[in-house]
Amino acid sequence: MADSIFKKYLEKKNNLIKNRGILQATYVPEVLLHRDHQIGEIVDIIAPSLNKDKPSNILIIGQTGTGKTAVVNYVGHELEKADIESNNCRYIYVNCEVIDTPYSILYNISNQIITDPNKKIPFTGWSLEKIFNELAKYIDDEDRVFIIVLDEIDMSFKKNGDDIFYYLTTINEMLKKSRVSIIGITNNSTFAEKLLSPRIKSRLGEEKIIFPPYTPEQLIDILNNRIEYALYPDVIDNSVIPYCAAISAQGSGDARKALDLLRISADIAERNGDSIITSAHVDYARQKIELDAVVEVIKTLTEQSKIVLMSIIKTPSSNETGSVTTGDVYTTYIELSRNMGYNVLSQRMVANLISELDMLGIITARVKSFGRGGRTKEIDVNKVSNDVFFILSSDDIFRGVDFTFKPNKQTTLM
DNA sequence: CGTCCACTGGAATCAAGGGTCT
DNA sequence: AGACCCTTGATTCCAGTGGACG
């Protein structure tokens with residue numbers, strides 16, 4: 001019998017990581033450190049639901065990795081436990097970043113409630129009004145208080161406006177027996193002020209709870225708490241935890257980032273066969289995370305976006321700072337997509353795609369005025385790392401594409 | 001100080017493609 | 001089969017604008 005190709009992994013026993021799941025950011029620990037205050041507030045607000053009274057709607061504001069989702073889900077599950085006998089409430093969670101159209105949000109909420117597989121709502125085809133009425137009917141039939149959590153609410157908001165949220169917050173007017181209260185979660189602090197229209201602002205923001213970023217000390221606590229169960233004893237250098245905490249704290253007090261950093265550091269150390277995790281591993285991990293993020297973003301780009309990104313890289317800069325403008329990129333883009341046999345999008349579209357790439361953090365662009373020279377986006381080519389080009393050029397759609405054309409000359413021909 | 005460039009940013013619109021319903 | 005509905009991607013239109021130039 002030949003050796004398993006996994007032989008070296010079978011033989012090499014894990015000597016650092018005891019339980020890697022605990023280091024995943026999605027893992028919800030038994031105790032949520034440094035969030036007692038927020039937990040208490042939410043509990044106070046939604047407790048009336050246990051007696052079938054409608055709690056106030058809540059708007060939760062805090063940056064990524066500050067424990068918003070974890071806290072809400074924790075409280076939600078505790079609520080269900082406390083309610084197990086009287087059965088007066090129901091907790092429903094929807095992540096609006098994943099489920100991001102009005103239809104899919106209603107569809108998702110409804111099908112969490114509808115148990116009969118024959119009555120489930122089809123994933124497309126119905127009018128919104130019809131789903132909404134159906135949803136209201138099912139909710140009312142349950143004769144309970146529904147706590148509906150809409151996570152990343154600003155994501156859907158940006159794309160679709162606030163209509164669904166308006167309907168959801170007014171659903172109580174259609175109900176005779178049941179009640180619905182909404183918990184909205186956003187990491188955009190300006191969301192509550194600017195994006196929310198007046199008609200929904202007062203409804204959704206009946207109560208507001210702020211999740212401040214974790215301080216470095218708090219992050220250290222959180223990490224220490226996790227490694228106790230996640231790692232074997234004495235496998236980590238003293239400097240590692242404070243280092244991870246410091247790196248993550250300077251950004252936004254992001255616990256998710258800190259955990260990722262620690263987990264990947266441990267991975268790297270273990271794969272290397274090192275017996276102890278050091279801050280050098282953390283440095284590697286940090287680079288790896290950054291690179292992975294770029295790879296991931298590029299992979300999920302649409303073909304047109306990839307072509308635009310390539311155009312940005314391939315556009316020769318006309319000034320000393322090494323930046324290019326929308327117009328320059330567009331001429332390159334026309335050339336490139338023609339060469340590749342793709343249809344050519346309008347300049348307005350390409351401008352949109354450039355803005356999108358900017359938001360994704362792959363490029364940096366800012367609007368700049370050149371006086372009479374016009375107003376345009378100045379795109380920094382230097383900041384586009386070699387990694388981006390390398391990853392991008394290995395993409396399938398660029399296979400066999402000839403990049404030797406000289407856009408700056410050819411534009412004058414047209 | 002006003003002009004005026006080369007876009008930006010927002011919104012309305014269209015077409016195609018996924019469906020359901022009667 | 002025909003009427004409707006939602007989503008997505010793209011197009012078209014248009015009012016605005018920061019600031020160098022004259």
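Values in this document were obtained by computation on a predicted structure and should not be read as measured data. A note on names: the letters A, B, ... follow the listed sequences, proteins ahead of strands, and every chain is numbered from 1.
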Q: Mark up nucleotides 13-22 of chain C, 5' to 3', with B wherever a protein heavy atom is under 4.0 angstrom from a base atom, S wherever such an atom reaches only the sugar-phosphate, and - elsewhere.
A: B---BBBBBS
Q. If you pin Gly327(A) and Thr124(A) to their nearest nucleotides in DNA chain B, which one's is more 5'?
A.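 The 5'-side residue here is Gly327(A).
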Q.
Taking side-chain hydrogen bond (donor to acceptor under 3.5 Å, both in side chains) as the criterion, tell me which of Gln347(A), Lys314(A), Gln304(A) meets it with Tyr333(A).
A.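 The single option meeting the side-chain hydrogen bond (donor to acceptor under 3.5 Å, both in side chains) with Tyr333(A) is Gln304(A).
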Starting at [atom1] of [X] and ending at [atom2] of [N], how long is that distance when rounded to a whole Å?
| X | N | atom1 | atom2 | result |
| --- | --- | --- | --- | --- |
| Asn133(A) | dC5(C) | CG | P | 14 Å |
| Trp126(A) | dT7(C) | CH2 | C1' | 18 Å |
| Asn160(A) | dT8(C) | CG | C1' | 11 Å |
| Phe123(A) | dT7(C) | CZ | P | 12 Å |
| Gln347(A) | dT11(C) | CD | P | 12 Å |
| Asp163(A) | dC6(C) | CG | C1' | 14 Å |
| Ile99(A) | dT7(C) | CD1 | C1' | 16 Å |

**Q.** Donor-acceptor under 3.5 Å (Arg144(A) side chain, Asp140(A) main chain)
**A.**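 Looks like no, no N/O pair under 3.5 Å.
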Q. Can you check whether Asn73(A)'s main-chain N or O pairs, donor with acceptor, with Glu78(A)'s side chain at less than 3.5 Å?
A.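 Checked: no pair found.
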Q | Heavy-atom check, side chain of Ile312(A) versus side chain of Leu357(A), under 4.5 Å | A |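 Contact flag for Ile312(A)/Leu357(A) side chains = yes.
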Q. Going by heavy atoms in the side chains, are Tyr103(A) and Ile121(A) under 4.5 Å from each other?
A.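 Touching, per the 4.5 Å side-chain cut-off.
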**Q.** Ring-face cation contact, Phe165(A) with Arg203(A), 6.0 Å cut, 45° max
**A.**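 The answer is no; the distance or angle limit is not met.
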Q | Partner of Asp143(A) under salt bridge (Lys or Arg N to Asp or Glu O under 4.0 Å), chosen from Arg90(A), Lys177(A), Lys52(A) | A |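 The passing option is Lys52(A).
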Q | Exercise: identify the closest heavy-atom pair between Leu59(A) and Gly205(A) | A |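 In this case the closest contact between Leu59(A) and Gly205(A) is CB-CA, 4.2 Å.
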Q. Between Ser127(A) and Lys159(A), who's closer to the 5' end of DNA chain C by nearest nucleotide?
A.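 The residue closer to the strand's 5' end, by nearest nucleotide, is Ser127(A).
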**Q.** Residues that Asp260(A) engages under salt bridge (charged side-chain N to carboxylate O under 4.0 Å, His left out), provided they are two or more places apart
**A.**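 Asp260(A): salt bridge (charged side-chain N to carboxylate O under 4.0 Å, His left out) contacts with Arg263(A).
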Q.
With a strict under 4.0 Å distance from non-hydrogen atoms of chain A, what nucleotide opens and what nucleotide closes the contacted stretch of DNA chain B, reading 5' to 3'?
A.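 Footprint of chain A along DNA chain B, 5' to 3': dG2(B) to dC21(B).
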Q: Output yes when at least one side-chain N/O atom of Thr101(A) is less than 4.0 Å from OP1 or OP2 of dC6(C), else no.
A: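 Answer is no, no contact under 4.0 Å.
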